[in-house]
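Take a look at this one; I'll ask things after.
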Amino acid sequence: MTKKAKKIIVNGKEYLTTEKYLLKALEKLGFDVPHLCFHQDLEPLATCRLCVVEVNGKIVTSCNTIVSEGMKVNTETEEVIEYRRHNLELILSNHALDCDYCYRNLHCDLQKIAERITDKTRYYGKVRKHEIDESSNAIIKDFEKCILCGRCIQVCNKQSVNVFDYVQRGFGTIVSTALDIPISSSPCVGCGQCVIHCPTAALIEKDETQKVIDAINDPEKIVIAQIAPAVRVSIGEELGLKPGKILTKKIVSALKEIGFDKVFDTSLGADFTIMEEASELVERIKNNKILPMFTSCCPSWVNFVEEFYPDLIPNLSTTKSPHEILGALIKTYYAKKTGISAEKIFVVSIMPCTAKKLEVLRPELRVNNLLTIDAVLTTREMGKMLREFGIEIKKLKEQEFDDFMSASSAGQIFGTTGGVMEAALRTASFILTGINDENKIEYKEVRGIKGIKIASYALGDKKLRVGVVNELGNARKIIERIKSGKLKIDFLEVMSCPGGCIGGGGQPLTTNKNIIKQRMKGLYTIDKKSKIRHSHENPILKNIYLEFLESPLSEKAEEILHTKYFKQKQYKI
Amino acid sequence: MITISVGLASCGISAGALDVYEEFKKQIKNKEGFLLKRVGCIGFCYQEPIVEVKKDDCATLILSKVKPEDVLSIIDSIINDKQHSKIFACRNDGKRIFDVKEINEHEFYSSQTKIVSEFCGIIDPEDINDYIKIGGYSAFKKALSMKPEEIISEVKNSGLRGRGGAGFLTGLKWEFLSKSKDKIKYLICNFDEGDPGAFMNRVLVESNPHLLIEGILISSYALKVKKAFIYTRIEYPLAVKRLKIALKQAKKKGLLGKNILGTNFSVDIELRLGAGAFVCGEETALIRSIEGLPGRPRPRPPYPAEKGLWKKPTNINNVETLATIPIIINKGSNWYKSIGSKNSSGTKIFSLSGDAERTGYIEIPFGTKLSTIIRIAGIEEYDFKALQLGGPSGGFLSKDNFDLELDYDSVKNVDAIIGSGSMVLLNKEKDIVKQVYYGMKFIVSESCGQCVPCREGTMRMLEILEKIVNQQADFNDLTNLNILARTIKQTSLCGLGQTAPNLVLSSIKKFFSDYEEKIKDEQKRFYYYINEEKCTGCHICFEVCPKKAISGKPREIHNINQDLCIRCGMCYNSCPIKSIEKKNIK
Amino acid sequence: MQGANKQADEEITNETIKIIRKYKRFKTPLLMILEDLQEKFSFIPQESMFLISSQLNIPLTRVYSVVTFYNELKTKKRGKHLIRLCLGTACYVKKNYDNLDLIRSLLNIEPGETTSDGLITLETVNCFGACSLAPVMEVDGVLVSKINNEIIRKVVEELRNKG
């Protein structure tokens, strides 16, 4: 259904627009109206009051003004410019202005607007003083940099986790948790959507770059990096390139330049995840065990189930997440094969995700009492490192992944919503029918950024009903439908972040749904061009099963590639 | 028969009226022919506790500042027809045996027109039969025989404007709601009278709650509402108590609930309490409060009449507005229109407090002059400095406005608002800047904190005002205050923020000297002139000038009249394109 | 001591459940429930917030946001006696801020605090609506009008003697 275009008059000229809200319409028409609290993926908040324009003689905020036929808009009257300047000065007068040392220096929405309008303020007085909340290993909250836009509150509500809200009122209003407890004691699942929507450095991830650099500089340590699928189509944005640009082989070079000893592909771990998980699914179906089975590669989704639906823990697949699998294999199989002592290996996961910083500390994921992953860097931290080391990506040669070279493209589409499902279906189909049907590689129904997708497929003589969900609010909806009996499915893929990992909390900033779609396109392009599109066809994987694990769900596989889950309190006080 | 009525509204009680009542109760226990009555407030709050005595067919006597110690002597004087020293007036309802002023000749009463508050202090607020005796609920019965559209049309014709502050035409507001096709609609009575200095709604509810209930019933019928709410301040426990009693009594008489008086009309009235937030007087914040949320206003549109309480079309009216409805229905809209002024019909209850001899509440027709009000309040014209009208969101009326005939539009023209109707009188010893500073303190403590201009801006205004009060400020600070005020007024999300700078803007215009005398005058004064080639006519300097020394229409080149200019430099500091230049005065 | 705490906790739980049931038939009754709790306990206990959250299916964060937004809902228990001073416009004009200073020095606490012996809590209110009888203060729920230094000292003394 096409929307009817409306005529508006902007600064004296006539234009047509189909947008609902005036700010979006003006942006599309090329008018740059400053704004801070507005985010294209969220409902208008109208709290910063910077987007004011004059409409039919009245001063209004353009972000939540609905376009009407014939409205006369002025975006640059002296009055409106003055009001924007003063509101910005008011924000700056109550903000920790340490840009030089700030995590978001040169990447900050507030800084960008201050460059445009004014970076000085004439208002001085009381400022907010608050202790930094560094309790969580994933997310750090520095309230002195908060502009109280309300985005994090809306986003966490959308995720149905509800960690934040406005507390108190007036000048003393803060954005805080229930009972002002530290984030680590709250129901926070670590998804990082708050971080990725925050316009300033009020919410950032815990920076582990120094830890990694120290390990690289330690002559005793062998530092191995593994790169998540989502990172290869997103890291370009950190270096000024277009979203979705596939930079896999260049990143390998870049990381070697920085000093990593080896660079592996997390997608290989994903291939193992598929082998184990698809086998587990088939086994559950054949033996009438608990269904539906839930994927478990998304750590904030696992936290979500452990906190809010602990009775559904048995539905979670016991298979570990891809990077954990790879880490476990590195510190057992790889260490043995190469003769390097596992204690000397330092594994760094480069992920689009903040929740993984929490995941790696789970005691049950240790193997031989060693942490399988020693540090997690987000795409942003990686970008920062590249810039700090002066890596010029254009000048680099392409390199293949070390020793563990290839992953199938099934492992690589893990980075997008529907990717895990599609990869699993490709392998489940093979397990159930014994053949790789060339016409049935792409499962288009599970692709796309839509929040909830339901489909059913006939694999051999079995009918498989599947669900694919992204964003936790949608996950909660689906679970309620499953619990009430309104929905019957066999297998559910859940990703906490919009669009899947490509929209993860660790991704380059100013992520929005349009950019996510472009990153998604990048991954499916890799899949289309790949020679090996099935996890079970990956020769490296086949070899490791032969040499080390025997077969999926074997005793060895259970020991190294599977894990347990535990009920978690929502409020740990 | 001797009826003794003791005024037992909150003001009376806080002055000791309850002890007086108890003492009377004790003393007449064994006496025949005495009836003790509890009544509300007649408005003479500065004379509380008030006792009225009606003996047989004699004129009612009104006694003031009654103490428990006076009770015996009062009873004695009644029995023996002696004139007690505490009698200060009588009513025009019987034989006059003493030489006392009739109340309508008293300075406090003579200019009043008691329509809505007519029976406040006359009837027992906790007895529905008292209300019915004086014609209560007859308007409701009449309304039930009319069509809803007729009632809306009557209200429209009456010209009644919302008494909560905005002054929007009630009939028009109702018409908008009636157009909604939604089967579920709500009516909310806004009894969140949070304006400091305002207590007229409290008095009305404590003295004649049934008038309000009748108004709500008629309104619900006209708007086809099945569920109405009264949102009341929790700081008014006596009003809440009396409302609960009144609702119970009305229900018992079949005036509330299902199939009222045998008709198809059913309505339920639910009481909801606030919890100490002035901002909840704002319509969308009030709705959020009932919805179990913090009272943070929502941007409009959508307006409550489209999407209000629980997303349903909702109409919100003030207590006084709703209490006026039964009177309009009974006496007709044309009668109501004949009282008041052209653009504001009827009367308004104002509360008088501050530096006045006579404090309390008065009900006067719109169009009454400021000079009359000053006379009523008992402050001499030479002693009068300002009247703060409309609370901390209002403005100041000064000596220049003595002849101003007060109504919604006339006060707007002099940078003030009627608002809730609170009037605080200030004598010539009062410092306007301190008054503004205090008002801003209130606003800062009540801001919800959602939007930047109100949350950050009002605090900054407060800090600048503090600087000025402490004589640490210069003209730059004053200019900043002025521009900040304008920003907050124009860009705040809700009415609280938009009216927060009113006192500042009003006082800079009217009492600039109060500011000027506190400014550090260390800086040299310059001679300012507007560069005609640069001026774009944005009109900001015109608005900012405290002495109206700048002339020019919007989009025309502006000019500074050097004879009026006091060289404060505020225009120079406010011009967004720096088109004003300065030269040293030689 | 632990036994007494357990009893107090049980009382809080039982009362809270009772109050929640009382308002079950009302739509979005959160504020009504909190007001009853405030009256009963003079503050909103943490346990009550948890119970409300789970029984009404409201995120705990929102319950806390509501409690901290409204002036009349407290998170700390009040003392045995309560003095509330009006800071309305009329009371300001009649110098109630000076009265506030006097009480602050007599009790040695700031508004919002309780004396160290747990006897008296001092609070301010933004207008009781008794403006024509300014300046006004409320002592244990009773409005006292036209207060001055003498009245204030007497009130504090009486409360201290009452204990």
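Computed over heavy atoms, backbone and side chain alike; hydrogens, waters and symmetry mates excluded. Chain identifiers are assigned alphabetically (A, B, ...) following the order of the sequence lines, protein sequences preceding nucleic acid strands; residue numbering begins at 1 within each chain.
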Proximal component of B:Q435, with respect to chain C [non-hydrogen, under 4.5 Å]: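 For B:Q435, heavy atoms of backbone and side chain both lie under 4.5 Å from chain C.
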C:C131 side chain near B:R202 side chain, heavy-atom distance below 4.5 Å: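 They are not in side-chain contact.
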Nearest heavy atoms of B:A275 and C:E35, plus distance in Å: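 Heavy atoms only, the tightest pair is CB-OE2, 3.6 Å.
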Chain C contacts, top residue of B:A277, B:G16, B:P237, B:S353 (heavy-atom pairs, under 4.5 Å):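 Of the options given, most contacts go to B:S353.
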Heavy-atom neighbours of B:K434 NZ exceed 12 at 6.0 Å: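 Not buried by this count: 12 neighbours or fewer within 6.0 Å.
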C:T89 side-chain N/O to B:G197 backbone N/O, donor-acceptor pair under 3.5 Å: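 Flag not set: sc C:T89 to bb B:G197 has no pair under 3.5 Å.
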Chain C contact via B:D195 - which portion, at a heavy-atom distance below 4.5 Å: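 The answer is the backbone of B:D195.
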C:T28 side-chain N/O to B:I290 backbone N/O, donor-acceptor pair under 3.5 Å: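 Such a contact is found between C:T28 side chain and B:I290 backbone.
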B:E235 side chain near C:N126 side chain, heavy-atom distance below 4.5 Å: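 Contact flag for B:E235/C:N126 side chains = no.
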Greater than 12 external heavy atoms within 6.0 Å of C:N161's CG: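 Check passes, neighbour count above 12.
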Crowding at NZ, B:K226 (>12 non-hydrogen neighbours, <6.0 Å):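 Atom NZ in B:K226 is not crowded, with 12 or fewer foreign heavy atoms closer than 6.0 Å.
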Top of C:L87, C:V144, C:L73 for chain B proximity - count of heavy-atom pairs under 4.5 angstrom: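 Of the candidates given, the most pairs with chain B belong to C:L87.
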Under 4.5 Å from any heavy atom of chain B - which part of C:V66: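 Both backbone and side chain.
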Parallel, tilted or perpendicular: ring planes of C:Y92 versus B:Y438, cut at 30 and 60 degrees: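 Aromatic pair C:Y92/B:Y438 classed parallel.
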Nearest atoms (heavy-atom pairs only) where B:R296 meets C:S65: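 Shortest heavy-atom contact: NH1-OG, 4.0 Å.
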Pairwise side-chain contact, B:K441 with C:Y97, heavy-atom cut-off 4.5 Å (strictly under):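 Yes; the side chains approach each other to less than 4.5 Å.
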More than 12 heavy atoms from other groups under 6.0 Å of CD on C:Q55: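 Atom CD in C:Q55 is crowded, with more than 12 foreign heavy atoms closer than 6.0 Å.
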4.5 Å side-chain heavy-atom contact, C:L133 and B:F199: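 Result no, sub-4.5 Å side-chain heavy-atom pair not found.
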Top of C:F26, C:Y70, C:F128 for chain B proximity - count of heavy-atom pairs under 4.5 angstrom: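 Greatest number of close heavy-atom pairs with chain B: C:Y70.
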Closest contact, heavy atoms only, B:R272 versus C:K27: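 Result for this residue pair: NH2-O, 2.6 Å.
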Which of B:E193, B:E270, B:E48, B:Q388 touches chain C most, by non-hydrogen pairs under 4.5 Å: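 Sorted descending by pairs with chain C, the first entry is B:E270.
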Audit row: B:F442, C:C127, side-chain contact (heavy atoms from CB on, under 4.5 Å) steps and yes/no: CA-CA 10 Å; B:F442 173 83; C:C127 196; 5.7 Å; no
Part of B:L309 lying under 4.5 Å from any heavy atom of chain C: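 No part of B:L309 comes within 4.5 Å of chain C.
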Options B:C280, B:G449, B:G274, ranked by heavy-atom pairs under 4.5 Å with chain C, top entry: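 Maximum pair count with chain C is reached by B:G274.
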More than 12 heavy atoms of other groups within 6.0 Å of C:E150 CD: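 Not more than 12 within 6.0 Å, no.
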Check: C:V93 and B:V424 side chains under 4.5 Å, non-hydrogen atoms: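 Yes, their side chains come closer than 4.5 Å.
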Which portion of B:L18 sits near chain C, non-hydrogen atoms under 4.5 angstrom: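 The answer is neither part of B:L18.
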Any side-chain heavy-atom pair of C:L31 and B:S289 under 4.5 Å: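 C:L31 vs B:S289: side chains touch.
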Top contributor to chain B interface from C:E138, C:M32, C:Q38 [non-hydrogen pairs under 4.5 Å]: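 Among C:E138, C:M32, C:Q38, the one with the most close pairs to chain B is C:M32.
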From B:C45, B:S14, B:C11, residue fulfilling side chain to side chain contact (heavy atoms under 4.5 Å, CB included) relative to C:S145: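 Single side chain to side chain contact (heavy atoms under 4.5 Å, CB included) partner of C:S145 among B:C45, B:S14, B:C11: B:S14.
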Contact class of B:V203 relative to chain C, heavy atoms under 4.5 angstrom: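 Neither part, no heavy atoms under 4.5 Å.
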Chain C contact via B:L293 - side chain, backbone, both or neither, heavy atoms under 4.5 Å: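 Both the backbone and the side chain of B:L293 come within 4.5 Å of chain C.
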Engaged part of B:Y361 at the chain C interface, taking heavy atoms whose separation is under 4.5 Å: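 Contact with chain C involves no heavy atom of B:Y361 at all.
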CG/C:D98: more than 12 non-hydrogen atoms of other groups inside 6.0 Å: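 Yes, because the 6.0 Å sphere around CG of C:D98 holds more than 12 heavy atoms from other groups.
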Side-chain donor/acceptor of C:K94 to backbone N/O of B:G354, under 3.5 Å: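 Yes, the answer is positive, given that a donor and an acceptor are paired below the 3.5 Å cut-off.
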